Amino acid sequence: MRFAVFISGYGSNLQAIIDAVKQNQIKAELALVVSSKKEAYGLKRAEQAGIKTLFVDPVEFANRQSYDRQVLIHLKEEKIDFIVLAGYMRILTPFFVKKYPKRIINIHPSLLPSFRGVTAIKDALTYGVKITGATVHFVDEKMDHGPIILQESIKIALEDTKETLEQKIHKLEHRILPKSIELFVDGRLKVRGRKVEILEKPQKTSTHNVELAKDIG
Ligand code: GRF
C-alpha cells in the first residue's frame with residue numbers, strides 16, 4: 001500500500017510516521033507529502049527522508065473543491081491508497097472525502113467529541129477540564145467527526161500552559177497516530193457504523209483505485 005501525509009506546518013507527527021515506516025512498524029510506503037503551506041517545516045523533514053513532496057497553493061484556486069480536485073489528480077498519479085492528515089489546516093470537501101471512503105485518517109489534539117476545531121488545546125485549558133488527550137479517527141464529511149480509531153488521555157495540571165499542554169499532547173499523538181496507521185495497514189480495523197473494532201486477526205487489506213475519470217477527466 002502507498003499512502004500520503006497531508007501537513008500545513010511543523011510536521012512533528014509526520015516525523016513520527018516517517019520513523020515508524022523506517023522501523024518497519026508501518027508496512028506501507030509513504031509515497032507523498034502534501035502541504036497547503038509553502039514554508040511548512042514538515043516539507044523539509046520529507047525532503048530529508050527522500051520522500052516526494054507537493055505544495056499546492058490555495059491562492060491559485062477559485063474554491064475548495066477545485067483545490068481538492070487538483071490534489072486528487074496528484075494522488076491518482078501516485079497511486080495513493082490512503083491518506084493521513086497530520087496537522088493539515090484545511091477542511092476536505094465532501095467531493096474529496098467520497099473518493100477515499102474510510103481511507104483518510106486524522107489526528108486531533110483533544111478527546112473528541114470535546115473541543116473540535118483548530119483551537120482545541122487552548123479551548124480545553126480555558127474550559128478548565130481536568131483531562132484531555134488526543135484522538136485518531138477516520139475522516140467523514142463533518143469536521144472532527146468520523147469513527148474513532150484510538151484515543152488516549154492525559155491529566156491537565158493547574159500550572160499547565162498552552163505550550164506545556166501541547167508538548168504533552170504531542171507525545172501522545174506521536175504514539176497513537178503511527179499505531180493507528182499500523183493497525184489500518186495490517187488490516188486490523190473494522191468500521192461498524194460509528195465504532196471501529198480492532199481485530200485480533202487481520203483481514204485482507206485492499207489497494208484503492210481512485211475513480212476520478214468521470215469527475216476530473
Ligand atoms: C497536532 O497537534 C495535531 O493534532 C493537529 O495539528 C498539530 C500538528 O502538529 N491536527 P505537527 O505539525 O504534527 O507538529
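From a predicted model like this one, the values you see are computed outputs, not experimental measurements. Start at 1 with the first residue, then count along the sequence. Note that ligands are numbered from 1 as they come in the structure, with each ligand's atoms numbered from 1 the same way.
Atoms of ligand 1 lying under 4.0 Å from any heavy atom of I107, numbered from 1 in the order shown and given with element: 3 (C), 4 (O), 10 (N).
Taking NZ of K155 as the start and CG of D160 as the end, the distance is 12.5 Å to the nearest 0.5 Å.
Sparse packing is recorded around OH of Y10, with 12 or fewer heavy atoms of other residues, nucleotides or ligands lying under 6.0 Å away.
Residue contacts with ligand 1: G11 is placed with a nitrogen or oxygen under 3.5 Å of a nitrogen or oxygen of the ligand (distance criterion only).
Closest to atom 1 (C) of ligand 1, if we only count protein heavy atoms, is E173 OE1, 3.2 Å. Looking from atom 11 (P) of ligand 1 to the surrounding protein, the closest heavy atom is S12 N, 3.4 Å. The protein heavy-atom contact nearest to atom 8 (C) of ligand 1 is G87 CA, 3.6 Å. Taking atom 9 (O) of ligand 1 as the reference point, the nearest protein heavy-atom neighbour is H170 NE2, 3.3 Å.
Centroid-to-centroid, the aromatic rings of F184 and F82 come within less than 6.0 Å.
By heavy-atom distance, the residue among I169, V118, V136, N13 lying nearest atom 13 (O) of ligand 1 is N13.
Side chain to side chain, N63 and S66 meet the donor-acceptor criterion of an N or O pair below 3.5 Å. If you check the side chains of S110 and T132, you find no donor sitting under 3.5 Å from an acceptor.
Electrostatic pairing of K44 and E47 does not count as a salt bridge here, judged by no charged N lying under 4.0 Å from a carboxylate O.
Looking at E166 against ligand 1, nothing comes within 4.0 Å, counting heavy atoms.
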